[in-house]
Amino acid sequence: MSEDTENEGGVPIRSSLESIQKATTSAEASDQLDDRQLGLTVGNGLKPPYPPGRLAALQELNGTHAVAIEKRSKREVGFGFELTPHPRADDPSEEERERAEDFWFGRDSTWMTGPRGTPSATPVEVFEKARQDYHGIGWLSIEITYNEFADEPGGLSYLPAKTVRVKKKIEDGEFIDEQVAGHGYVQKRNGRTRYFAEAGARHATDVDGNADPTYVDRETGETYDSIEAMRAAGAEPANELLFIRNPHPNTLYYGIPTWVSEIQTMVADQEARRYNRKRLENDLVLDYVVIVEGGTLSESSRQDVREHINGLRQSDEPGAWILEADDLVESGIDVDSDVTIRVEPMAQPGESDMDWEAFREANERDIAQAHSTPLQILGRHDATNANSEAAIREYTQEVIVPGQERFAERLYRIIHQQILDVQDWTVEFVTVGGEDEVRQSEILQRELRAGGDALTLNEVRQRMGEEPIEELDGELFGVVSDPVLADELAAAFEES
């Protein structure tokens, strides 16, 4: 299999790779992207289908692409989250809730968006940066930190997805030279290699429910089945990595972002912008043609003509000029008396130039569509607010909410169930735009089932979006002394 022409599934991708390279050459050569390709080729990691560093660089070359990723990630996780009873929990445990709250909101938990030495962050910031990688590169990587062999995690840290690879399989202490995955992941940055275990590996169990942990040496990638074996080998335990990929049929171990189908469009849009910049640099004319009649020009005369033309180009009336011999002599250019030079633009702005504007607008629509993002989210609103609100509501319910639910379920199954042993409580991300009243009502009902007896009627009214009533002060939701009031409350709750 050729590493240049095929991905891990054997599908040719040369044209797409060439397009990525063409679009990112200028950006990668700038100081802004200096050192950003570290970790592009990790010797002990499986090769991804596309160069993730180049995929990331495209966000700096196309504004529509970058904003669509930023907006989608923000709407998925950027507005925060709450702990809510799991739908299958009949009597949610308060002890489990306290354990989950201590991890997510406790003062001892650590959240980082960079390596040691960078400022502390929040869970929302970690999630938002990770989701940007998910949509921009095809997978996300969140480090679950531990204190050596401790069972309790200390927090989460964002790892740039472009530096992380799925670790190759190890046989007889050596990494095999095949596209076969082993346990865990590998990261290479600034010349250093660091290995990670899979999320939840320390708390894994076998089919009978017996403890079956896996530990990884952070320096060598070797795996161990017990703390004792690891200590005997003098190994250092690695942290775990929550690795979530955007599934695609052309890759086994990695994900592919949905917008890859529009790489050619991004390249074309970049070329259109380059063309427009070139025109502006040359007074809306890309090239001039110099026609010499009645003789030839020496090299020194050609340079003199170039300088003379440059002065003409900067005049207020660029167009076609005819330079007679007398004019050339007066300008200090030595030519024969019968020489005439005509200088004409090769093209002039016309109606066809309007096609470029339509072309770029079409590119913007195609790129936004590949992200499943309406132009209204990107700042392009229709003539009526109703159309914009409908587009945003549809985007929220069909794109954002499913993404929130999938990510929350991953966090619940791995962080809550497997690591924290929290079965009754899950994560609920806040949804902004196109709120679903039925869904909000279902959440409220779960909260009331979990602790409604301890809530006052006014607290329940506030959660339903209603103003508190003075007469209801002190009345508990689970114990309403007035039967008429109880019936009215029940009717209002059902209506909500």
Side-chain angles (χ1 to χ4, degrees), residues 7-8 20 36 39 45-46 48-60 62 64-81 111-114 121-144 156-166 185 187 196 198-199 240-263 266 367-373 377 395-396 398-415 427 429-431:
N7 64 7
E8 58 184 298
I20 296 174
R36 292 193 181 186
L46 299 181
Y50 292 88
R54 296 191 185 276
L55 293 179
L58 282 173
Q59 295 179 42
E60 300 192 0
N62 188 278
T64 301
H65 173 56
V67 173
I69 290 175
E70 189 272 334
K71 291 285 189 180
R72 185 167 177 178
S73 303
K74 170 72 73 174
R75 286 178 174 267
E76 284 178 339
V77 299
F79 295 106
F81 63 92
W111 315 98
M112 305 289 291
T113 55
T122 65
V124 169
E125 290 175 305
V126 172
F127 292 154
E128 191 170 346
K129 289 184 68 67
R131 295 301 290 182
Q132 288 175 359
D133 281 351
Y134 181 85
H135 297 301
I137 295 177
W139 64 89
L140 64 82
S141 303
I142 299 177
E143 180 182 8
I144 305 171
L156 302 179
S157 179
Y158 160 78
L159 261 67
K162 67 179 182 179
T163 68
V164 176
R165 301 292 184 273
V166 176
Y185 308 92
Q187 181 195 41
F196 298 89
E198 296 176 4
E240 297 175 348
L241 202 65
L242 178 62
F243 186 93
I244 302 177
R245 65 191 184 95
N246 192 349
H248 192 280
N250 283 346
T251 178
L252 297 176
Y253 303 116
Y254 295 95
I256 295 178
T258 57
W259 55 265
V260 161
S261 58
E262 294 298 332
I263 286 178
M266 294 185 193
I367 295 170
Q369 185 177 12
H371 282 284
S372 301
T373 302
I377 291 290
Y395 171 69
T396 301
E398 296 186 4
V399 178
I400 298 301
V401 170
Q404 289 177 323
E405 292 177 346
R406 287 193 296 269
F407 187 48
E409 185 66 14
R410 286 293 188 101
L411 296 176
Y412 168 71
R413 289 184 176 275
I414 296 175
I415 303 295
V427 170
F429 287 101
V430 175
T431 303

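Just so we're clear, the structure is a prediction, and the values are computed from it rather than from any experiment.
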- Item | For the student: nearest non-hydrogen atoms of P257 and H135, plus distance | CB-O, 3.4 Å

- Would you indicate whether the side-chain heavy atoms of V77 and F429 approach each other to under 4.5 Å? yes

- CA sep, side-chain torsions, deciding dist, call: I142, F127, side-chain contact (heavy atoms from CB on, under 4.5 Å): CA-CA 8 Å; I142 299 177; F127 292 154; 4.0 Å; yes

- Any side-chain heavy atom of T373 sitting closer than 4.5 Å to one from T64? no

- Would you kindly say whether E128 and S73 are connected by a side-chain donor-acceptor distance under 3.5 Å? no

- Give the minimum heavy-atom separation between I69 and G136, together with the two atoms involved. CD1-CA, 3.5 Å

- Does atom CD of Q369 have more than 12 heavy-atom neighbours from other groups under 6.0 Å away? no

- Item | Gap separating the CE atom of M112 from the CD atom of E125, nearest 0.5 angstrom | 11.0 Å

- Query: Can you name the nearest heavy-atom pair linking R245 to T251, along with the distance?
  - Reply: NH1-O, 3.8 Å

- Message: Within the 4.5 Å heavy-atom criterion, are R75 and I377 side-chain neighbours or not?
- Response: yes

- Locate the shortest heavy-atom distance separating A161 from S141; write the atom from each residue and the value. CA-OG, 4.1 Å

- Message: I'd like to check I256 versus Y254 (side-chain heavy atoms, cut-off strictly below 4.5 Å). Are they in contact?
- Response: no

- Note on the structure: By salt bridge (Lys or Arg N to Asp or Glu O under 4.0 Å), E409 pairs with (sequence neighbours left out) R413

- Message: How long is the straight-line distance from CD of E405 back to OH of Y412, given to the nearest 0.5 Å?
- Response: 15.0 Å

- Say you draw a straight line from OG1 of T113 to CG of L156; how long is it, rounded to the nearest 0.5 Å? 12.5 Å

- Note on the structure: With sequence neighbours left out, the residues meeting side chain to side chain contact (heavy atoms under 4.5 Å, CB included) with N246 are Y134, T258

- Task: Would you mind reporting whether D133 and Y158 have side-chain heavy atoms less than 4.5 Å apart?
- Result: yes

- Residue pair W259 / I367, side-chain heavy-atom distance below 4.5 Å: no

- Evaluate the side-chain contact (heavy atoms from CB on, under 4.5 Å) criterion for residues K74 and F79: first the C-alpha distance (whole Å), next the side-chain angles of each, then the deciding distance (0.1 Å), finally the verdict. CA-CA 7 Å; K74 170 72 73 174; F79 295 106; 4.1 Å; yes

- Going from CD on E198 to CD1 on I414, what distance comes out if it is rounded to the nearest 0.5 angstrom? 9.5 Å

- Note on the structure: One should read off an interatomic distance between K129 NZ and L140 CG, to the nearest 0.5 angstrom, of 12.5 Å

- Mind checking whether F196 and F243 have ring centres under 6.0 Å apart? no

- Atom CG in L58, atom NE2 in H65: separation rounded to 0.5 Å? 5.5 Å

- Item | Heavy-atom check, side chain of L241 versus side chain of I144, under 4.5 Å | no

- Decide yes or no on side-chain contact (heavy atoms from CB on, under 4.5 Å) for R72 and I400, but give the supporting numbers first. CA-CA 7 Å; R72 185 167 177 178; I400 298 301; 4.0 Å; yes

- Message: On a heavy-atom basis, which atom in I263 and which in Y50 lie closest, and how many Å separate them?
- Response: CD1-CE2, 4.5 Å

- Message: Using the rule given for side-chain contact (heavy atoms from CB on, under 4.5 Å), can you reason through W139 versus V166, listing the C-alpha separation, both sets of side-chain angles and the distance that settles it, and then say yes or no?
- Response: CA-CA 11 Å; W139 64 89; V166 176; over 6 Å; no

- Item | E76 vs F407 side-chain heavy atoms within contact, under 4.5 Å | no

- Item | Contact summary for A199 and L242, nearest pair of heavy atoms | CB-CA, 3.8 Å

